[in-house]
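Remember, predicted model here, so these are calculated numbers, not experimental data. Below, read A as the first sequence line, B as the second, and so on, with proteins coming before strands; counting in each chain starts at 1.
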2 protein chains.
Amino acid sequence: MPNRVISPDASDTTRDRILKAAILRFSAHSYDDTGLRDIAADVGVDMAYVHRSFGSKEKLFYEAVKASGRPEQLFAEDDGCLPSTLANQILSRKGANEIGALDIVVQSFASPAASRVLNEFLEEDFVAPLVRKLSTVSRRRAALVAAFLAGVGILKDAIKAEPLLEGERSALEEDVKQVIATLLEVEVRDCDSPREHVPHETRR
Amino acid sequence: MPNRVISPDASDTTRDRILKAAILRFSAHSYDDTGLRDIAADVGVDMAYVHRSFGSKEKLFYEAVKASGRPEQLFAEDDGCLPSTLANQILSRKGANEIGALDIVVQSFASPAASRVLNEFLEEDFVAPLVRKLSTVSRRRAALVAAFLAGVGILKDAIKAEPLLEGERSALEEDVKQVIATLLEVEVRDCDSPREHVPHETRR
DNA sequence: AACCTTAGTCATCAATCGTTGACTGATGTA
DNA sequence: TACATCAGTCAACGATTGATGACTAAGGTT
């Protein structure tokens with residue numbers, strides 16, 4: 001299970017291919033700007049079949065969010081340093097078909113149709129697992145981490161804000177990690193140089 | 001053309017009433033979910049007149065964003081403590097017709113049509129004025145402040161995330177201020193109790 | 001053979017959107 | 001009076017959207 005991007009198992013049914021295409025579409029464009037016809041065209045089936053396979057556009061979106069943002073993926077590569085893990089979820093450079101687990105959430109915040117789904121996602125797939133993993137953090141601060149990650153993703157990928165695109169990525173990553181560390185009340189220095197194995201210097 | 005007697009800011013013309021209604025609409029719903037017909041109905045004119053008064057929906061949105069987010073408004077009540085000023089821009093409780101200067105940005109980042117406008121807004125009406133006001137902060141960090149504010153606004157107002165709605169507002173405000181202070185590298189304590197006049201204790 | 005389910009297509013629906021050309025009516029202005 | 005401009009309305013357009021009912025074709029079961 002090394003380079004698993006989306007699908008947990010390589011089911012080949014048309015329904016799964018539709019879901020996979022939907023995740024890509026919803027991760028690259030907003031809920032409103034993603035048409036069932038686009039998704040159908042990607043898979044090569046009729047749009048009516050996309051609709052019938054999932055019942056409605058909103059239900060398809062629901063399944064796409066759930067499949068794309070599962071906690072196992074969000075915290076998958078956690079090497080013990082949550083700030084760096086979370087920062088990478090938003091900042092990791094995306095190739096053509098490679099998407100981050102949070103991209104689909106970053107898009108589609110706006111549409112009311114999507115907001116109920118996202119509310120559930122936020123609670124079940126982010127706040128709860130994060131608090132479970134780091135019991136000292138409050139639900140409020142966990143949500144603020146999500147807010148910050150979402151905001152950074154939006155400004156960087158949707159709005160394409162220049163101050164976040166120009167310059168070194170490492171500098172941006174450092175700032176993002178520092179904010180997350182502030183919210184989680186953990187020391188960012190403990191994992192500053194990821195592979196240097198600082199022998200857990202006892203601080204404070 | 002000599003007698004352009006129309007006062008530059010009578011604010012009584014139908015055009016201005018349309019613009020005002022547009023700001024309210026765009027601040028409460030996304031760009032896509034806001035129809036020219038809705039705005040026209042608010043003012044009580046024909047939808048065609050809304051369109052003709054501004055040339056296109058996108059141009060109307062542009063003027064709405066510019067009028068709603070002007071730096072004078074963003075930093076209007078600045079009492080010398082930027083973190084608290086900015087936090088209040090997002091957290092201030094909104095009445096029926098009362099909106100924050102950033103609400104219109106919080107909605108409507110999704111649509112590509114709107115994102116160009118928002119990119120310009122971010123640069124001209126937020127990053128640049130902020131850096132001008134606090135010259136020690138980098139453009140990147142200024143943009144990260146905007147990202148955080150946008151994310152908080154989205155989760156709180158659009159998604160209605162419970163962790164940001166439950167509990168005391170002051171606790172949330174404290175966390176938000178701390179994050180902003182971290183990014184701006186200023187001491188939040190300097191304005192913690194706004195009216196206490198701490199005599200500028202020389203720190204560091 | 002007859003029958004049922006699954007997979008998928010086709011044409012079309014109703015609704016909504018922003019946009020536009022043509023029009024009316026009032027208000028000046030020469 | 002004649003003319004021009006501004007404020008605003010009216011009806012319709014073309015495009016796009018998600019949703020449906022009716023249909024075909026294949027596969028399996030009895």
Please classify the nucleic acid contact of Ser53(A) as base, sugar-phosphate, or nothing, using heavy-atom distances under 4.0 Å. nothing
Here the distance between atom P of dC13(D) and atom NE2 of His51(B), to the nearest Å, is 18 Å
I'd like a table of atom pairs between the protein and nucleotides 21-25 of chain D - only N or O on both sides, under 3.5 Å - with the distance next to each one.
from	atom 1	to	atom 2	distance (Å)
dG21(D)	N7	Arg52(A)	NH1	3.4

Tyr49(B) OH to dG8(D) C1', in whole Å, measures 6 Å
Taken in chain and number order and not counting sequence neighbours, the residues that satisfy ring-ring contact (aromatic ring centres under 6.0 Å, His included) with Phe61(A) are Phe26(A), Tyr31(A)
- Message: I'd like to know if the side chain of Lys160(A) reaches the main chain of Asp157(A), judged simply by a donor and an acceptor atom lying under 3.5 Å from each other, with no hydrogens or angles considered.
- Response: yes
When rounded to whole Å, the CZ to C1' distance for the pair Arg15(B) and dA7(D) reads 14 Å
Applying salt bridge (charged side-chain N to carboxylate O under 4.0 Å, His left out) to Arg15(A) and not counting sequence neighbours gives Glu63(A)
From CD1 of Ile39(B) across to C1' of dG18(C) the rounded distance in Å is 12 Å
Atom CG of Asp16(A) and atom P of dA7(C) are separated, to the nearest Å, by 12 Å
Rounded to whole Å, CZ of Arg17(B) lies from P of dA7(D) at a distance of 13 Å
Residue set satisfying side-chain hydrogen bond (donor to acceptor under 3.5 Å, both in side chains) with Glu162(A), at least two apart, ordered chain then number -> none
Check nucleotides 14-17 of chain D against the protein and report each pair of N or O atoms closer than 3.5 Å, with its distance, or say if there are none.
none

With sequence neighbours left out, the residues meeting salt bridge (charged side-chain N to carboxylate O under 4.0 Å, His left out) with Glu168(A) are none
Asp46(B) CG to dA22(C) P, in whole Å, measures 17 Å
Taken in chain and number order and not counting sequence neighbours, the residues that satisfy side chain to side chain contact (heavy atoms under 4.5 Å, CB included) with Lys59(A) are Ser56(A)
For the backbone of Ser84(A) and the side chain of Asn88(A), can you confirm whether one donor and one acceptor N or O come within less than 3.5 Å of each other?
yes
Across all chains, not counting sequence neighbours, the side chain to side chain contact (heavy atoms under 4.5 Å, CB included) partners of Ala28(A) are none
Taken in chain and number order and not counting sequence neighbours, the residues that satisfy side chain to side chain contact (heavy atoms under 4.5 Å, CB included) with Asp42(B) are Ala21(B), Arg25(B)
Does a side-chain N or O of Thr14(A) approach OP1 or OP2 of dG8(C) to a distance below 4.0 Å, or not? yes
Assert: residue with more 5' nearest nucleotide on DNA chain C, out of Val45(A) and Tyr31(B), is Val45(A)
